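Since the model is a prediction, treat every value here as computed from it, not as a measurement.
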Amino acid sequence: MDLLSPSVPTPLERLVNAEIEKAEVQLYIKRDDLIHPTVSGNKWRKLKYNLLDAQARGEGTVLTFGGAYSNHLYATAAAGNALGLKTIGIVRGLELEGKENETLRFCRQHGMQLHFVSREEYRQRHLEAYLQEVARRFGNPYLIPEGGTTELALKGVAEMVFEIESQLGSIPDFIATAAGTGGTAAGILSAGANVLAFSVLKGGDFLQEDIFRLLAKCKQPGNLTLLADYHFGGYAKWNSELQAFMQDFRAEFDIQLEQVYTAKMFFGLFDLIRKGFFRAGTTIVAVHTGGLQGLIKA
Ligand SMILES: *Cc1c(COP(=O)(O)O)cnc(C)c1O
């Protein structure tokens, strides 16, 4: 499958069960998990214009950052491979050197060069001086920050909102998304839609500032509601309650979620629906941002 001829528009499906009916809300799921077999969900949306920009500038190598289970590294490796770009991944955690997991193995198999750095060094990933040093060290590659979250990413995510608008006939009252770096939330806001962002990290309140920084040049963003209490202990942490929720969700709707992002968002969303957070008649579209290669086999 050609990277830049993905399956778009991705389906928009209605979800109905007793809780949703009781609250008299309309809930839809935007199936961005189906956008591409290896570059799934919001990573495809966020990478699109970054990679087109790299190509347009005649860049041969792309360098980016991520953790050992990063969906973004995975997506960048697959996309770079498909587009004939060399890829370099700076991976958080020196101790991982030589210890492969499925994500890192996939990255390598798709030609990504992996460089492991200490957590201390990784923390500098947004600092200008560090980025200059990295650029020098690796022969001036095209740099993409962690998560692919750049202003160009917003444009790609906004296209998803326009798909929803034409599928639904209007922009819904809320678009819900899981948030890691906040790039997806910012992209949706940039298209003028209101966002419910479910932080998957502990202490996710910092996201508010990061998201507003990304929107600095945006004229009329939507309103952001940040939900910071559905992180289940922090990034990539989960418990048996979340696992049971994923199983129930699959049994009820025949849709697979994963434990790092999308299950936390849907868990939070159903909690809000039960608690009467939404007025009757509210329309909500929840984005299935993909990431299923990171699914725990449980
Ligand atoms: C990366 C990722 C997110 C988080 O996106 P951000 O733009 O970093 O907030 C959400 N869901 C999935 C499946 C992801 O892989």
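- Every salt bridge (charged side-chain N to carboxylate O under 4.0 Å, His left out) that D53 has, sequence neighbours left out, goes to R57.
- Of the possible polar contacts, none joining the Q259 side chain to the Q243 backbone as a donor-acceptor pair under 3.5 Å is found.
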field: Chi angles and distances behind the side chain to side chain donor-acceptor pair (under 3.5 Å) call for T150, N50
entry: CA-CA 8 Å; T150 63; N50 281 304; 2.9 Å; yes
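- For the pair R92 and Y122, the distance from NZ or CZ to the six-membered ring centre is under 6.0 Å and the angle to the ring normal is within 45 degrees.
- Taking CD of E151 as the reference point, atom OG of S190 lies at 10.0 Å (rounded to 0.5 Å).
- The shortest distance between side-chain heavy atoms of L12 and I29 does not fall below 4.5 Å.
- Here the rule is ring-ring contact (aromatic ring centres under 6.0 Å, His included) with F267, and of F245, F249, F198 only F245 fits it.
- Between L207 and G182, the shortest heavy-atom contact is CD2-N, 3.7 Å.
- A donor-acceptor contact closer than 3.5 angstrom is absent between the side chains of S40 and D33.
- Within the 4.5 Å cutoff, side-chain heavy atoms of Q256 are placed close to those of L295.
- Expressed to the nearest 0.5 Å, how far CD of Q26 lies from OG1 of T283 amounts to 4.0 Å.
- A donor-acceptor pair under 3.5 Å is absent between the side-chain atoms of D32 and the main chain of T10, judged by distance alone.
- Contact between A77 and T87 at its shortest, heavy atoms only, is CA-OG1, 4.1 Å.
- A heavy-atom distance below 4.5 Å is found between the side chains of V62 and T76.
- Checking side-chain atoms of E59 against main-chain N and O of T61 turns up no donor-acceptor pair under 3.5 Å.
- Side-chain polar atoms of H72 and T64 form a donor-acceptor pair below 3.5 angstrom.
- The side-chain hydrogen bond (donor to acceptor under 3.5 Å, both in side chains) test with K30 singles out one residue from H288, Q167, E13, and that residue is Q167.
- In summary, the side chains of D173 and T282 do not present any donor paired with an acceptor at a separation below 3.5 Å, with no hydrogens or angles considered.
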F232 and K264: CA distance, side-chain angles, deciding distance, side-chain contact (heavy atoms from CB on, under 4.5 Å) verdict: CA-CA 8 Å; F232 283 81; K264 291 182 183 180; 3.9 Å; yes
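- Every residue meeting the salt bridge (charged side-chain N to carboxylate O under 4.0 Å, His left out) condition with R108, not counting sequence neighbours, appears here in chain and number order: E100.
- Side-chain contact check for L189 versus N223: every heavy-atom pair is 4.5 Å or farther apart.
- Of all heavy-atom pairs between G180 and F206, the closest is O-CZ, 4.3 Å.
- N239 has its side chain within reach of L242: a pair of non-hydrogen atoms, C-beta onward, lies under 4.5 Å apart.
- Among I188, V8, N42, T177, the single residue meeting the side-chain contact (heavy atoms from CB on, under 4.5 Å) criterion with M160 is I188.
- No side-chain heavy atom of F106 sits under 4.5 Å from any side-chain heavy atom of N101.
- Proximity of the aromatic rings of F138 and H115 is defined here by a centroid distance below 6.0 angstrom, and this criterion is met.
- Side-chain N/O atoms of E159 and Y49 include a donor and acceptor closer than 3.5 Å.
- H36 and V39 get closest at one heavy-atom pair: ND1-N, 3.1 Å.
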